[in-house]
Structure formats: structure tokens, C-alpha cells
Amino acid sequence: MRVPAEGGDLAVEIHDGDTAPVLAIHGVSGSRELWNWVAAHSFSLIAPDLRGRGDSAHVPGNGITQHADDMIKVLDALELPRATVIGMSMGGYVAVDLAVRHPDRVRALVLVDGGFPMPAHAHMTPELLQAAFAPQVAARERTWTVDEYLETQAALNPLIDATDPLIRTYYAHDLGDDGRLRLSADTLIADAKDVIFGTSRWRELTVPTWFVHAEWSTGPDTPPAYTVEQAAEFRTALPVLREPVLINEVDHGGTVMTRAGAAVTAEVLAEALK
């Protein structure tokens with residue numbers, strides 16, 4: 001479905017399932033296809049392509065607040081007074097902003113390797129950020145077949161299972177009919193800056209909140225976005241936060257883009273829906 005928003009219509013996919021509706025918000029360079037592994041567990045998911053990505057690539061604008069405002073428009077279009085919200089990576093920061101500014105619209109919150117301050121961000125500079133996203137920006141300058149794009153992504157991350165049909169669907173969605181990456185470079189960089197240099201309002205959360213985090217960041221044995229000790233500190237500081245859940249032997253993307261990671265995330269989401 002298409003949802004009117006400032007600057008254009010957002011693409012939203014509805015996964016029919018056996019649960020109450022869940023609004024699922026993807027990460028900074030992802031798309032709505034990120035949630036296919038979780039949807040396979042029979043959840044009723046509302047999965048938008050955020051502006052600047054996928055089928056919403058033509059919609060200008062950026063920023064955590066803008067994306068959160070867009071999520072209100074999605075809920076309104078579906079005539080949903082409130083929903084459980086799950087956000088992964090940048091989607092977690094969008095979900096936090098949504099829940100803080102509109103607690104009446106968020107029944108419960110599940111944050112997946114995002115939403116809380118990442119210690120690594122303290123060492124980031126604008127120059128380092130540009131370098132970190134340079135490969136994704138450069139990928140926009142050429143055309144790809146799905147096979148080429150999938151092979152390149154699998155080479156960058158050994159945890160990607162290139163034989164998984166959901167992985168192929170995920171990366172195929174990134175590409176337009178012309179073989180070019182459907183990702184706005186301006187939106188990507190601006191959103192990343194907002195996440196890294198902005199301030200998360202997590203301490204203001206009042207809705208029941210769950211937190212899932214990965215053992216690794218970008219491949220086996222890499223330092224995680226959040227350590228177990230840091231997750232415990234968030235638990236102590238935030239009364240509405242339930243016991244954090246660590247997913248072993250997955251990295252950041254693997255929390256939802258692997259069957260093992262998605263199974264754990266699905267368990268936590270099911271708990272949040274009770």
C-alpha cells in the first residue's frame with residue numbers, strides 16, 4: 001500500500017499473521033524486506049520502506065523525527081490507534097522517538113541492536129562517517145544484476161547465507177528495474193549523522209520496552225555494538241526496560257537477517273505482544 005507523507009507516498013508492506021499489528025522499522029541502509037525472517041513466525045507486521053529507500057526512494061527528507069512522524073501517518077492510514085513497535089538499528093532510534101513523543105500510539109517497544117547510545121559513536125567524526133558509508137554510496141554509481149549484488153554483499157559478510165531465498169529477496173528489493181541501487185545518498189548520510197551525533201531520548205521512555213542485542217557487530221568476533229555490561233546499565237537506568245537478551249553467534253544484521261537471529265528476536269517480540 002501507499003501512504004501519503006510530506007514529499008511523496010511511502011511504500012508499506014503488510015504481512016498477514018496471527019498477532020496484533022506490529023509496526024516494524026528498518027535500519028539506515030535497509031528496507032522493509034529486513035523483516036521477512038521475523039514475519040515468517042506468523043506475526044502481523046506493518047513494514048514501511050522509509051523515505052529514501054526501496055519503493056520510497058523517491059521521497060525526499062531525512063532525520064529521526066521525520067521518520068517517526070511518517071510512522072504516525074502509517075498508523076493513521078491503517079486506522080490503528082496504537083501498535084507494538086519493533087525497530088532495528090536506526091529503526092530503534094526512530095522507534096524511541098516515536099514512543100517518547102507519542103506514547104499513546106505505542107503499546108510496547110522492542111529495540112533490536114539500536115535505540116540506545118552506541119559507545120563506538122563517541123569516537124566517530126564526520127570524516128570517519130563519510131568513509132564508513134563510502135562503499136554504499138559508491139555502489140549507487142553502477143548497475144547491478146541481482147546475482148552480482150548478492151555475491152558482493154556475501155563477500156563482505158561471511159555470515160550472509162547466499163543460498164537463503166529471503167536473502168536474495170532482500171537484496172533484489174534494493175535494486176530498481178534499471179539495476180541501480182534504490183538508496184538516496186543524501187538521506188543515508190543525513191540519517192547516519194542524526195543517529196551518531198544526535199541524542200537518543202531513551203531515558204524518557206514510559207512504555208514497556210525490550211532490548212535484543214548481538215554478540216558481534218560486523219562479522220565473527222568483531223566488537224559488539226553493545227556489550228552485556230552496557231545492556232545491563234541500560235536496564236538499571238530505565239525502569240520500563242525488561243531484561244536485555246543477547247543473541248549469540250550473530251552480528252548486527254544477523255539479529256533479524258538470519259533464521260537463528262530472527263528466531264530469538266521473534267521470541268522477544270512474542271513476549272512483548274502478551
Quick one: side chains of residues 8-19, donor-acceptor pairs under 3.5 Å with protein atoms, not counting sequence neighbours, listed by atom name and distance.
unit_1, atom_1, unit_2, atom_2, d
Glu13, OE1, Arg32, NE, 3.0
Thr19, OG1, Ser44, N, 3.0

Which heavy atom of [X] sits nearest a heavy atom of [Y], and at what distance?
X: Trp35; Y: Ile25; result: CZ2-O, 3.2 Å
X: Gly27; Y: Arg53; result: O-NE, 4.3 Å
X: Ala68; Y: Asp97; result: CB-OD2, 3.3 Å

Basic-acidic side-chain contact under 4.0 Å: Asp69, Lys73:
no
Name each donor-acceptor pair under 3.5 Å that joins a side chain in residues 78-85 to protein atoms two or more places apart or in another chain, with its distance.
unit_1, atom_1, unit_2, atom_2, d
Thr84, OG1, Arg107, NH1, 3.2

Considering only distance and modelled atom types, tabulate donor-acceptor pairs under 3.5 Å from the side chains of residues 134-143, sequence neighbours left out.
unit_1, atom_1, unit_2, atom_2, d
Gln136, NE2, Ser29, OG, 3.0
Arg140, NE, Leu183, O, 2.5
Arg142, NH2, Glu148, OE1, 3.1

Distance (rounded to the nearest 0.5 Å) between Glu229 CD and Phe234 CZ
12.0 Å
Rounding to 0.5 Å, atoms CG (Leu246) and NE2 (His213) come to a distance of 4.5 Å
[X] (side chain) donor-acceptor with [Y] (main chain) under 3.5 angstrom:
X: Ser56; Y: Val59; answer: no
X: Arg105; Y: Ile72; answer: no
X: Arg201; Y: Ala99; answer: no
X: Asp251; Y: Gly219; answer: yes

For Trp144, ring-ring contact (aromatic ring centres under 6.0 Å, His included) partners two or more places apart:
Tyr149
Keeping to residues at least two apart or across chains, list the ring-ring contact (aromatic ring centres under 6.0 Å, His included) pairs with something in residues 38-64.
none
Is there a path of hydrophobic side-chain contacts, each under 4.5 Å between heavy atoms of I, L, V, M, F, W or Y residues, that connects Val240 with Leu98?
yes
Same cluster or not: Leu166 versus Tyr170, using hydrophobic residues (I, L, V, M, F, W, Y) connected whenever any side-chain heavy atoms lie under 4.5 Å apart?
yes
Measure from the ring center of Phe116 to the ring center of Tyr93 and say whether it is less than 6.0 Å.
no
For residues 262-274, which side-chain donor-acceptor pairs fall under 3.5 Å, sequence neighbours excluded?
unit_1, atom_1, unit_2, atom_2, d
Thr265, OG1, Thr255, O, 2.8
Thr265, OG1, Gly261, O, 3.2
Glu271, OE1, Lys274, NZ, 3.0

Result of checking Asp55, Asp174, Asp49, Asp177 against Arg182 for salt bridge (charged side-chain N to carboxylate O under 4.0 Å, His left out)
Asp55
